[in-house]
Each structure stands twice: as C-alpha cells, then as structure tokens.
Amino acid sequence: MLFGRARRSAEPVDLGSLEPWRSDAVTATCVPLPIGRKGRTIPGVMLFDGAVSPVFAVREVQQLVDHDLNTAENVNQPPIAFLMWPDDAADDSPAGRWLRDAPAESLTLLVDPLETPPTVQLQGQALVSFREWVRTLPR
C-alpha cells in the first residue's frame with residue numbers, strides 16, 4: 001500500500017501477562033494507556049515508588065533508555081512527573097538542583113513540586129536491568 005495505514009500483522013499483547021520490573025525503590029509495570037476517543041490504547045510504563053504512579057508512553061521510555069530522548073513526561077493525571085537524564089537539567093533550574101551531582105548514567109524520577117527531592121534514581125545494575133526490561137515491551 002503506497003498511502004494509508006499498513007495493517008498490523010502482530011497479535012495484540014495482553015499487557016497484564018507481562019512481568020513487572022522491580023528494584024529496591026520502584027516497581028515498573030506495563031499498562032494500557034488510553035488515547036483518543038474510541039477506546040484505543042497504547043502501552044505505557046507505570047512507575048510506582050510507594051507514593052506516586054506516573055505513566056509514561058513506552059515508546060518515549062524506550063527512546064529515553066537508548067539516549068534518543070533526554071526527558072520523558074508522564075501522560076496521566078497530575079502530579080506532573082519527569083524521567084530524565086542529568087545532563088538535560090540546567091544547573092540553575094529546579095531539576096538541576098537535584099541532578100547536578102547525579103552520575104551521568106542515571107535516570108531520575110522528578111515529581112511536581114520540583115522543590116522536593118527525587119525518590120527514584122536508577123543507576124548501575126538497576127538501570128541496566130530497567131533498560132533491558134523496557135526494550136522487551138511492545139510499542
């Protein structure tokens with residue numbers, strides 16, 4: 001087909017059948033993320049740190065862990081949350097306050113208000129295993 005949408009050949013994945021990812025500070029689960037008005041969904045990544053559960057589009061988190069994106073913003077209801085690499089925050093910004101001394105290879109979850117310290121920072125083996133888990137998720 002030259003124009004228009006190509007049919008998807010892959011079978012839909014039951015997101016509930018996918019194993020969650022866990023570390024000491026956070027659990028990540030693949031969840032359906034509603035888009036549009038017709039009940040369509042796309043896969044999302046819900047991070048739960050014991051207090052908040054922001055959801056990010058899987059595609060953005062996959063780009064983020066591959067360094068093709070510097071920051072992902074949650075797409076569900078408030079509070080606003082950001083999952084970001086430290087080099088994306090200006091030193092004089094609210095995020096920079098928490099990220100200026102963070103290891104370069106670390107992902108931090110910042111939740112509004114940005115005056116409160118982050119509760120999640122993935123680095124080392126936790127970041128490696130999170131990256132591997134995210135890469136297995138359907139887009």
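Numbers here simply count residues along the sequence, with the first being 1.
- A donor-acceptor contact shorter than 3.5 Å links the side chain of R100 to the backbone of D91.
- The structure places CG of L109 at 12.0 Å from CZ of F48, a figure rounded to the nearest 0.5 Å.
- More than 12 heavy-atom neighbours from other residues, nucleotides or ligands sit within 6.0 angstrom of CG on D87.
- Closest approach of P20 to T27, counting heavy atoms only: CB-CG2, 4.2 Å.
- Summarising the geometry, atom CG belonging to D112 is positioned 7.0 Å from atom CZ belonging to F82; distances are rounded to the nearest 0.5 Å.
- The shortest side-chain heavy-atom distance between C30 and L137 falls under the 4.5 Å cut-off.
- Considering only heavy atoms from C-beta on, F130 comes within 4.5 Å of L47 through its side chain.
- Between L110 and L99 the shortest side-chain heavy-atom distance falls below 4.5 Å.
- For the pair T116/V111, no side-chain contact is recorded, criterion being any heavy-atom separation below 4.5 Å from C-beta on.
- Although no hydrogens or angles enter the test, the distance criterion places no donor-acceptor pair under 3.5 Å between the side chain of E105 and the main chain of G124.
- The CD atom of Q123 sits 10.5 Å away from the CG atom of L107 when rounded to the nearest 0.5 Å.
- Side-chain contact check for V61 versus W133: every heavy-atom pair is 4.5 Å or farther apart.
- Summarising the geometry of P79 relative to V52, their closest heavy-atom pair is CG-CG1, 4.1 Å, with the distance given to 0.1 Å.
- Among all heavy-atom pairs drawn from S93 and G96, the shortest one is OG-N, 2.9 Å.
- Within the model, atoms CD of E132 and CG of L127 stand 10.0 Å from one another, a figure rounded to the nearest 0.5 Å.
- Between the side chain of N76 and the backbone N or O of S53, at least one donor-acceptor pair lies under 3.5 Å.
- The environment of I80 atom CD1 is sparse: at most 12 non-hydrogen atoms of other residues, nucleotides or ligands sit within 6.0 angstrom.
- Separation of atoms CG (L83) and CD (E73) is listed at 11.5 Å; rounding is to 0.5 Å.
- Ring geometry for W85 against H67 counts as parallel: the plane angle stays under 30°, on a 0 to 90° scale with 60° as the upper cut.
- Annotation: side chain of V55 is not in contact with side chain of N74 (no heavy-atom distance under 4.5 Å).
- A side-chain donor-acceptor contact under 3.5 Å links W98 to the backbone of L114.
- Annotation: side chain of D66 is in contact with side chain of R135 (closest heavy-atom distance under 4.5 Å).
- S106 and P86 make their closest contact through O-CD, 3.1 Å (heavy atoms, listed as atom of the first residue, atom of the second, distance).
- When all heavy atoms of P138 and V58 are compared, the closest pair comes out as O-CG1, 3.4 Å.
- When side chains are defined from C-beta on, E60 does not count as touching L64, because their heavy atoms never get closer than 4.5 Å.
- The side-chain contact (heavy atoms from CB on, under 4.5 Å) with L33 is formed by just one residue from the set T41, V75, V45; it is V75.
- Here the closest non-hydrogen pair linking S129 and W21 is OG-NE1, 3.0 Å.
- The hydrophobic clustering, which links ILVMFWY residues whose side-chain heavy atoms are closer than 4.5 Å, places L122 and V65 together.
- With values rounded to the nearest 0.5 angstrom, L69 atom CG is found 8.5 Å from D88 atom CG.
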